[in-house]
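Written out below as structure tokens is the structure these notes cover.
Residues take their numbers from the sequence shown, with the count starting at 1. Side chains included, hydrogens not; waters and symmetry mates left out as well; all remaining heavy atoms used. Just so we're clear, the structure is a prediction, and the values are computed from it rather than from any experiment.
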Amino acid sequence: LTLAVVLPRRNLTYPWAWPRVGPAVSLAAAAVNSRRDLLPGHTVRWVFGDSEDRHGVCSEMAAPLVAVDLWLAHRPAAFLGPGCVYSAAPVARFTGHWQLPLVTAGAEAHGFDDKSEEYGLTTRAGPSHRKLGELGVQLHRRFNWTRRALLVYWDEPAGDRPYYFAAEGLYVQLPTLRNLTVMDVVFRDGGNFSFIIQEIKAKGR
């Protein structure tokens, strides 16, 4: 029984990087294999594919190519990873097409909540930004914030955009409160902070 692992090989800025996760995968496989009552007649093994590009960051191009290679060469029963949003999305689409489960500690974006089609076999073991949005809704109800919500967040249209996707959870969930206006202000490194302050003053009241 083969588990295909698609994770960053070296970059420890990711909590799901292989040097962090690899020992747990090895221990889990050994524990399962030592219990013949868990999967009688099967031995769990894993194969690894690197989701990093040549710069050492999560890649939406490398991850699906590696996933296809692993599927063709090993016919795994399940996938572990990727964790980064832009890497996990195409791999999850492939695994859904192959009717294989994908388990990830990442993929926090709101879009992965849709289990009706492409992400139906994706299971997230970590936090999701939908839950952050639901927390925002509960805070608004608790403190009777009923008129306006302003989301201010930093974003760069490169990399995995963690703040963008965190704000997305709030942006999608807060409008479930009736008559609440939700607006956003985005800023970047080297941005005009005077303009941002003016935007906050204009939109936040």
Flag the pair P82 / C58 as yes when at least one side-chain heavy-atom distance between them is below 4.5 Å, and no otherwise.
no
Let me confirm one number: the CD-CG distance from E52 to L7, rounded to the nearest 0.5 Å.
10.0 Å
Tracing side-chain contacts under 4.5 Å among Ile, Leu, Val, Met, Phe, Trp and Tyr outward from M61 reaches none
Quick one: CG on L174 to CG on L139, what's the gap to the nearest 0.5 Å?
9.5 Å
Linking I/L/V/M/F/W/Y whenever any side-chain heavy atoms sit under 4.5 Å apart, do W16 and V85 land together?
no
For the residue pair R124 and T104, confirm or rule out a side-chain donor-acceptor distance under 3.5 Å.
no
Excluding sequence neighbours, so at least two apart, what forms ring pair (Phe, Tyr, Trp, His ring centres under 6.0 Å) with F48?
W18
T2 side chain reached by R75 side chain, heavy atoms, under 4.5 Å
no
Aromatic contact, F165 with Y86 (centres under 6.0 Å)
yes
Assess, by modelled atom type and distance only, whether the side chains of T146 and N144 contain a donor and an acceptor separated by less than 3.5 Å.
no
Are R130 and E108 close enough, and set up right, to give a side chain to side chain contact (heavy atoms under 4.5 Å, CB included), and what steps lead you there?
CA-CA 8 Å; R130 179 187 182 90; E108 310 98 322; over 6 Å; no
Taking D114's backbone N and O only, do any of them form a donor-acceptor pair with E117's side chain (distance below 3.5 Å, no angle check)?
no
With sequence neighbours left out, the residues meeting salt bridge (charged side-chain N to carboxylate O under 4.0 Å, His left out) with R9 are D50
Should V137 and L180 be regarded as members of a common hydrophobic cluster, given that ILVMFWY residues are connected when their side-chain heavy atoms come within less than 4.5 Å of each other, either directly or indirectly?
yes
Please name all residues satisfying salt bridge (charged side-chain N to carboxylate O under 4.0 Å, His left out) with K131, sequence neighbours left out, ordered by chain then number.
E134
Qualifying residues under ring pair (Phe, Tyr, Trp, His ring centres under 6.0 Å), relative to H140, sequence neighbours excluded:
W145
Only counting residues at least two apart or in another chain, list the ones meeting side chain to side chain contact (heavy atoms under 4.5 Å, CB included) with P15.
none
Residue pairs involving residues 27-36 (criterion salt bridge (charged side-chain N to carboxylate O under 4.0 Å, His left out); sequence neighbours excluded):
R35-D37
If you compare all heavy atoms of Y14 against all heavy atoms of C84, which two are closest, and at what distance to 0.1 Å?
CE2-SG, 3.5 Å
Scanning both residues in full, the closest heavy-atom pair of H110 with G169 reads CD2-CA, 4.2 Å
Let's go through L39 and L1 carefully: what are the C-alpha distance in whole Å and the side-chain angles of both, what is the deciding distance for side chain to side chain contact (heavy atoms under 4.5 Å, CB included) to 0.1 Å, and is it a yes or a no?
CA-CA 9 Å; L39 292 169; L1 196 68; 3.7 Å; yes
Across all chains, not counting sequence neighbours, the side chain to side chain contact (heavy atoms under 4.5 Å, CB included) partners of D53 are H55, V57, S59
Report yes or no: do Y163 and M183 belong to one cluster of Ile/Leu/Val/Met/Phe/Trp/Tyr joined by side chain heavy-atom distances under 4.5 Å?
yes
So the salt bridge (charged side-chain N to carboxylate O under 4.0 Å, His left out) pairs with at least one residue in residues 85-94 (sequence neighbours excluded) are R93-E118
Using side chain to side chain donor-acceptor pair (under 3.5 Å) as the criterion, list what pairs up with S34, not counting sequence neighbours.
none
Applying ring pair (Phe, Tyr, Trp, His ring centres under 6.0 Å), name anything that partners Y164, two or more places apart in sequence or on another chain.
none
Does L27 belong to the same Ile/Leu/Val/Met/Phe/Trp/Tyr cluster as L80, with side-chain heavy atoms less than 4.5 Å apart forming each link?
no
Can you check whether P76 reaches W46 side chain to side chain, under 4.5 Å on heavy atoms?
no
Report whether V172 and L132 are members of the same hydrophobic cluster (ILVMFWY, side-chain heavy atoms less than 4.5 Å apart, transitive linking).
no
Note: with side-chain heavy atoms under 4.5 Å as the link, the other cluster members for F94 come out as V6, V47, V66, V68, L70, W71, L72, F79, V91, W98, L100, L102
Would you confirm whether N33, through its side chain, and T43, through its main-chain N or O, come within 3.5 Å as a donor-acceptor pair?
no
Steps toward side chain to side chain contact (heavy atoms under 4.5 Å, CB included) verdict (K115, T122):
CA-CA 8 Å; K115 302 301 181 185; T122 300; 4.0 Å; yes
Between CG of L135 and CD of Q173, what distance do you get to the nearest 0.5 Å?
11.0 Å
What's the shortest heavy-atom distance between P8 and P19, and which atoms?
O-CD, 4.2 Å
Nearest heavy-atom neighbours spanning P23 and R20
CD-O, 3.8 Å
Intermediate values then yes/no, side chain to side chain contact (heavy atoms under 4.5 Å, CB included), H129 and E168
CA-CA 7 Å; H129 293 320; E168 180 195 33; 6.0 Å; no
